[in-house]
Amino acid sequence: MRPDRYNARESEPHWQRVWDERKIFESSNDDARPKYYVLEMFPYPSGRIHMGHVRNYAMGDVVARYMRARGYNVLHPMGWDAFGMPAENAAMQSGSHPATWTYANIDTMRRQLKSMGLSLDWSREIATCDPSYYKHQQRIFLDFLKAGLVDRKTARVNWDPVDQTVLANEQVIDGRGWRSGALVEQRDLTQWFFKITTFAEDLLQGLDTLDQWPEKVRLMQRNWIGRSEGLRMRFAVASDPRVPAASDIEVFTTRPDTIFGASFLGLAVDHPIIRSLAEKNSDLEKFCDECRRMGTSAAVLETTEKQGFDTGLKVAHPFDDSILLPVYATNFVLMDYGTGAIFGCPAHDQRDLDFANKYGLSKTPVVCPSDVDPASVVIGDDAFDGDGVMINSRFLDGMSIADAMDEVARRLESRELFGRPQGRRQVNFRLRDWGVSRQRYWGCPIPVVHCEKCDVVPVPAVELPVILPQDVDFKTPGNPLDRHPTWKHTTCPTCGGPARRETDTMDTFVDSSWYFARFTDPWNTEEPTDPAVISKWLPVDQYIGGIEHAILHLLYSRFFTRGLRATGHADLDEPFKGLFTQGMVVHETYRSGDGSWLAPTEIRIDSTADGRKAFALTDGSEIEIGSIEKMSKSKRNTVDPDEIIGTFGADAARWFMLSDSPPEGDVIWSEEGVQGVARFMQRVWRLIGDLKSVAAPVGSMAPVHFGETAITVRKATHNALAKVEDDIVRLRFNRCIAHANELVNKLGQTIGSIESAEIGDDLAYACREAAEGLVMLVAPMMPHLAETCWSDLGHEDLVSQARWPEADRSLIREDVITLPIQINGKKRADVVLPRDADETTIRTTVLADDSVQKAIDGRPVKRVVIVRERIVNVVI
RNA sequence: GCGGACGUGGCGAAACUGGUAGACGCAAGGGACUUAAAAUCCCUCGGGCAACCCCCGUGCGGGUUCGAUCCCCGCCGUCCGCACCA
């Protein structure tokens, strides 16, 4: 007995069990079919999934299911980015051990993901906090160390003196620790670094090959790497009692051509010379401290005035030592870029001009725009950074900028200052090495020991993993590993003497920099990866995740890929061939009169002709409907996936997430919208029932001849299939859904008008084809409903394993087409013509048409533009 | 400040990157069925006009073109990213 209504709450768990039992989503490394690796960014196990996860994983699942139907051996794994601070925060607040907390969250979220009906290979599940995972990460660390890709050096960190911990930049709010509220100190600590700069050039060049990445992300990475070509040049310091004889200051410049426009040297407040001067000059020290306090956030810098402190030092101009330039400590030169020193050329750099205007420094123009008389060049409030010809520059006069740059570089390279060449061409990168040391417990231990005799000694590979101790307490501030009574005490692998374990753990970005590789062979207990298996599966064909990872995660993964290749773990250029960044899930906000936020479950919406209004469920008072914002706990505009799935089913949630907006844009979650999806699902269920009642049996042969109605049905089916084929691979899910809607509308109309006497073999076949086509077409997006319909249509097998019914595009091609006719560019008529009509026929037919004649109204026709199979434009 | 993206009905959006602007969905209005409601089905739904096969309409102003949401120039507005990068 076929129920009138489809019951998602019964069907969904049923099919999930069937898929699970038959292990149909597990992929084999030995499968000979062409591979397709689809991956969504794995989640942090924060507690429960949110609607953003639902959207992200729904998208990936559509691709996985579709590619499977197209005959690919699909790898679609899932795991957990399981190390990180929230687990330690929870430990401090509730006393639960980070591992307990994390694994409990994983269990909850796994259950939630399973209730979504995702076609995931759970046999490959990994959690980065598991020793079976981080063992291999430690091994990679050691191999990178051996390959010279790891460095240990001093770096400045934000130090919270109360919590006794290093803070990330985003944990410093107004100069204070986010948790303790203590004033944050800058400390120099010896830290571990991955030498990502080794690959700076390659990481930049590799971007050109990533043509299936969003241009926006490539641009962001390009800017982050920040390659620039320029010249390092040294200025001799004029003799001064405060500095040693034969001192020099080295600057980096991308505009050596403007050297005759130089009017000062600007040094970072952390520049060694400034630091040493500040030791004996309290005014300078005060200035430096103030600059440091201002921070480096864009918002601050935007509004900050250029400031300087004249040190009294002078340097000689390299081409005329009678010209002495003042040396300033400045707030706009950064120590960690270039050499921490610049020469300022006010005429051709806006910042330098602002600075010069403030301190009354000269501003000689040295580049003249080609259409301006050199004598009339004046520098006002705007620096000129365009192209032109050199002026006021002695031996450079008349040269182009490029030639002048080259000439200056050439002269300084071949000349010595204090026994070394005065200039050196250099390619400079903004990219800095990746500091991975974290003074925390819940992370991957860095596998080295410190021995008094042998210094830093790697833990031998056979002794891995270095496992985190279980018995730690979070009651006192600081790193639990560091104050653990026994854990850090060990013996030196080299000399056997007493040694101390490294108590820093790795940045959690390390964990996610190679998980995509581990998924290919997660059972491998000996090696992180098997290069042969890597070559089989990687690169990831389609990677899907949030734009917030556009720079760091993706760049680190690209670095790791290069490191893994250098250490023989993977023969691979780039990890992610296709990248897609999906938009957020947003929702209306609701705010009561007293300013407090209300959750969507606490209000009722009334829609009438004069608009939508919200009322509180508790007392019926009217609630203001606020702006649409990213779902967040603070604004209380979240919806819980469990509740949605419980009420409407996973299929409805998935479908709605994909339906309304382009996938890269934000989607507005609305109750009305998901109700619309629920209606659509019932419509599909009824339509399949209607089609089934007239459809031929499973596997019927196609009849030779098709009548008019059958052809209409077939055209609708194949048209929809063709459009979905085109759109699904481009991830245009919203359009796929529109095509599905159109097909349902069309089939519903046609079926409704069929007289039972009309049904012959041809229509029966067409209805079977239509029903199965529709089910296949919605299956990647609403797999449970599709399975139920598939089974209802008499299939023993699963739609999840069925082959895609490729669209027959010859059926869609019409022999007779309706051509829109424009008169002077405005549509005035339609003319029905054979598709292959020649231009003369088209012309005569069009001009003979009544509506066309009426529109022409006797005026002479100047021209008839015919675009075949598209449009005709009559010009009068 | 620099860089990037975008601007189409009441709303989310389509439009094969130069060819019928508004597919599809949401909301709304009208009707059928029903004792009633829900569900379902049918119709209307950018603006103007009594009405159309008419006129206007893709942020604003120009331009190129037989033809512009799409290309070019100049404004206005919104969103995102950032690093005062020498």
Side-chain angles (χ1 to χ4, degrees), chain A residues 4-5 214-217 219-220 222-224 226 228 230-231 251-256 258 266 268 296-304 306 330-334 336-345 349-352 354-355 428-430 547-548 550-551 605 607-612 628 656 659-662 664-668 670-677 679-680 682-683 686 723 726 732 734-742 744-745 748 752 818-830 850-851 854-855 862-867 869-876:
Chain A
D4 286 344
R5 289 182 67 78
E215 191 51 48
K216 182 183 179 179
V217 174
L219 184 69
M220 282 163 82
R222 222 168 261 134
N223 291 341
W224 189 261
S228 62
L231 186 74
V251 306
F252 176 72
T253 178
T254 53
R255 293 293 302 274
T258 62
T296 52
S297 82
V300 173
L301 297 172
E302 224 170 275
T303 51
T304 307
K306 313 273 170 290
T330 64
N331 65 347
F332 67 96
V333 175
L334 307 176
D336 44 20
Y337 186 81
T339 60
I342 61 154
F343 76 74
C345 175
D349 183 291
Q350 191 61 46
R351 291 158 308 170
D352 297 347
D354 294 345
F355 190 81
N428 199 38
F429 292 94
R430 189 194 85 94
I547 186 75
E548 66 273 20
I551 297 177
I605 301 272
S607 274
T608 56
D610 30 85
R612 296 169 75 245
I628 293 169
F656 183 66
S659 67
D660 250 20
S661 307
E664 67 277 12
D666 294 345
V667 68
I668 305 170
S670 74
E671 182 81 3
E672 294 91 341
V674 74
Q675 274 165 1
V677 177
R679 276 199 298 275
F680 172 77
Q682 296 303 337
R683 240 179 123 198
R686 280 195 308 274
K723 285 179 162 172
D726 294 341
R732 304 207 286 203
N734 55 325
R735 299 192 357 151
C736 293
I737 281 173
H739 305 322
N741 274 316
E742 265 171 312
V744 168
N745 289 344
T818 305
L819 217 50
I821 311 302
Q822 296 179 329
I823 311 294
N824 282 349
K826 300 220 162 183
K827 194 212 159 194
R828 284 296 132 94
D830 290 304
D850 283 350
S851 314
K854 197 183 151 204
K862 286 191 200 142
R863 195 176 152 191
V864 178
V865 181
I866 296 171
V867 184
E869 298 184 29
R870 275 241 179 268
I871 207 160
V872 176
N873 191 11
V874 180
V875 186
I876 55 175

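Labels below follow one simple rule: chain letters A, B, ... track the order of the sequence lines, proteins then strands, and each chain is numbered from 1. Since we're looking at a predicted model, the values are computed, not measured.
- Comparing A:Gly676 and A:Thr254 against RNA chain B, the residue whose closest nucleotide sits nearer the 5' end is A:Gly676.
- Taking atom CZ on A:Arg686 and atom C1' on B:rA39, their separation rounds to 8 Å, with Å as the unit.
- In this structure, the side chains of A:Glu672 and A:Ile605 come closer than 4.5 Å at one or more pairs of heavy atoms.
- Heavy atoms of A:Ser670 sit nowhere under 4.0 angstrom from any nucleic acid atom.
- Looking at A:Phe332 and A:Asp352, their side chains come closer than 4.5 Å, going by heavy atoms from C-beta outward.
- With distances taken from any side-chain atom of A:Ser661 to the nucleotides B:rG12, B:rA86, B:rC24, the minimum falls on B:rG12.
- Comparing B:rC24, B:rA14, B:rG12 by their closest approach to the side chain of A:Pro662 singles out B:rA14.
- Listed candidates were B:rG19, B:rG12, B:rU40. Nearest to the side chain of A:Gln822 is B:rG19.
- Among the atoms of the strands shown, base atoms are found under 4.0 Å from some heavy atom of A:Val867.
- Here the CZ-CD1 distance, from A:Arg351 to A:Ile342, works out to 6.5 Å after rounding to the nearest 0.5 Å.
- For the side-chain contact (heavy atoms from CB on, under 4.5 Å) with A:Arg870, the qualifying choice from A:Val867, A:Val872, A:Ile866 is A:Val867, the only one to do so.
- Counting heavy atoms from C-beta outward, A:Arg686 and A:Val744 have side chains that stay 4.5 Å or more apart.
- A donor and an acceptor atom sit less than 3.5 Å apart, one in the side chain of A:Arg870 and one in the base of B:rC16.
- Rounded to whole Å, atom C1' of B:rG1 lies 10 Å from atom CG of A:Asp354.
- Using a distance-only test at 3.5 Å, with no hydrogens or angles considered, no donor-acceptor pair links the side chain of A:Asn428 to the main chain of A:Ser228.
- B:rG57 is unpaired under the criterion used here, namely a Watson-Crick or G-U wobble arrangement in which both key atom distances are under 3.5 Å.
- Straight-line distance between the P atoms of B:rC45 and B:rC53: roughly 11 Å, to the nearest whole Å.
- At the phosphate of B:rC85, OP1 or OP2 sits under 4.0 Å from a side-chain N or O atom of A:Arg351.
- Contact of A:Lys306 with B:rC84 (side chain to base): a donor-acceptor pair of N or O atoms is detected under 3.5 Å.
- Base pairing annotation: B:rC24 forms a Watson-Crick or G-U wobble pair with B:rG12, both donor-acceptor distances under 3.5 Å.
- Atom CD1 of A:Ile871 and atom CD1 of A:Ile821 lie 8.0 Å apart (nearest 0.5 Å).
- A:Asn734 contributes atom CG, which lies 8.0 Å from atom CD of A:Glu664 (distance to the nearest 0.5 angstrom).
- A gap of 8 Å separates the C1' atoms of B:rA21 and B:rU69, to the nearest Å.
- For the P atoms, the distance linking B:rA23 with B:rC6 amounts to 23 Å, nearest Å.
- Straight-line distance between the C1' atoms of B:rC60 and B:rU78: roughly 15 Å, to the nearest whole Å.
- Glycosidic conformation at B:rG57 (O4'-C1'-N9-C4 for purines, O4'-C1'-N1-C2 for pyrimidines): anti, more than 90° from 0.
- Rounded to whole Å, the distance from CD on A:Glu671 to C1' on B:rC11 is 17 Å.
- A distance of about 41 Å separates the P atoms of B:rA38 and B:rC54, rounded to the whole Å.
- Here the separation of B:rC24 from B:rG31, taken at their C1' atoms, is 24 Å to the nearest Å.
- A:Arg222 has no side-chain polar atom (N or O) that falls below the 4.0 Å cut-off from OP1 or OP2 of B:rG81.
- Side-chain N/O atoms of A:Lys827 include none lying less than 4.0 angstrom from OP1 or OP2 on B:rA21.
- Candidate nucleotides B:rA39, B:rC84, B:rA86 were compared by shortest atom distance to the side chain of A:Phe332, and B:rC84 ranks first.
- Residue A:Val874 is out of contact with every strand shown, counting any heavy-atom pair closer than 4.0 Å.
- When the C1' atom of B:rA13 is taken as reference, atom NE2 of A:His739 falls 13 Å away, rounded to whole Å.
- Taking side-chain N and O atoms only, A:Arg828 has a distance below 4.0 Å to OP1 or OP2 of B:rC54.
- Taking atom CZ of A:Phe656 as the reference point, atom P of B:rA13 lies 12 Å away to the nearest angstrom.
- Between B:rC26, B:rA86, B:rG25, one nucleotide has an atom nearer to the side chain of A:Arg679 than all others, and that is B:rC26.
- For B:rA14, one of the phosphate oxygens OP1 or OP2 lies less than 4.0 angstrom from a side-chain nitrogen or oxygen of A:Asn734.
- Anti is the glycosidic conformation of B:rU8, whose angle departs from 0 by more than 90°.
- For B:rC66, the OP1/OP2 oxygens have a side-chain nitrogen or oxygen of A:Arg863 closer than 4.0 Å.
- Across all strands shown, A:Thr253 has heavy atoms under 4.0 Å from sugar-phosphate atoms exclusively, and none from any base.
- Regarding A:Gln682, its CD atom lies at a distance of 12 Å from the C1' atom of B:rU40, rounded to whole Å.
- Listed pair A:Arg430 / B:rC82 fails the phosphate criterion, with no side-chain N or O lying under 4.0 Å from OP1 or OP2.
- The side chain of A:Asn223 lies closest to B:rA83, out of B:rU40, B:rG19, B:rA83.
- Of the candidate nucleotides B:rA83, B:rA23, B:rG25, B:rG25 has the atom lying nearest to any side-chain atom of A:Asn745.
- Look at B:rA5: its Watson-Crick or wobble partner, with both distances under 3.5 angstrom, is B:rU78.
- Picking from B:rA83, B:rC80, B:rG19 the nucleotide with the shortest atom distance to the side chain of A:Lys216 gives B:rC80.
- Annotation: the span from A:Ile823 atom CD1 to A:Lys854 atom NZ amounts to 12.0 Å, rounded to 0.5 Å.
- B:rG18 and B:rC33 have their C1' atoms separated by 49 Å, given to the nearest Å.
- A donor-acceptor contact under 3.5 Å is formed by the side chain of A:Asn873 with the base of B:rC66.
- Using atom C1' as the reference point in both B:rG9 and B:rC56, the two lie 15 Å apart (nearest Å).
- For A:Lys854, counting side-chain heavy atoms from C-beta on, the closest listed nucleotide (B:rA86, B:rC53, B:rA13) is B:rC53.
- In terms of position on RNA chain B, the residue among A:Gly226 and A:Gly340 whose nearest nucleotide sits closer to the 5' end is A:Gly226.
- In terms of polar N and O atoms assigned as donor or acceptor, the side chain of A:Glu215 never comes within less than 3.5 Å of the base of B:rG4 in a complementary pairing.
- Taking only side-chain atoms of A:Leu219, from C-beta outward, the nucleotide of B:rG4, B:rA86, B:rA23 with the closest atom is B:rG4.
- If you check B:rC41 for Watson-Crick or wobble pairing at under 3.5 angstrom, you find it paired to B:rG31.
- Residue A:Arg683 places at least one side-chain N or O closer than 4.0 Å to OP1 or OP2 of B:rC41.
- Rounding to whole angstrom units, CZ of residue A:Phe429 and P of B:rA86 are separated by 13 Å.
- Between the A:Asn824 side chain and the A:Ile876 main chain, a donor and an acceptor come within less than 3.5 Å of each other.
- Between A:Ile342 atom CD1 and B:rC84 atom C1' there is a gap of 10 Å when expressed in whole angstrom units.
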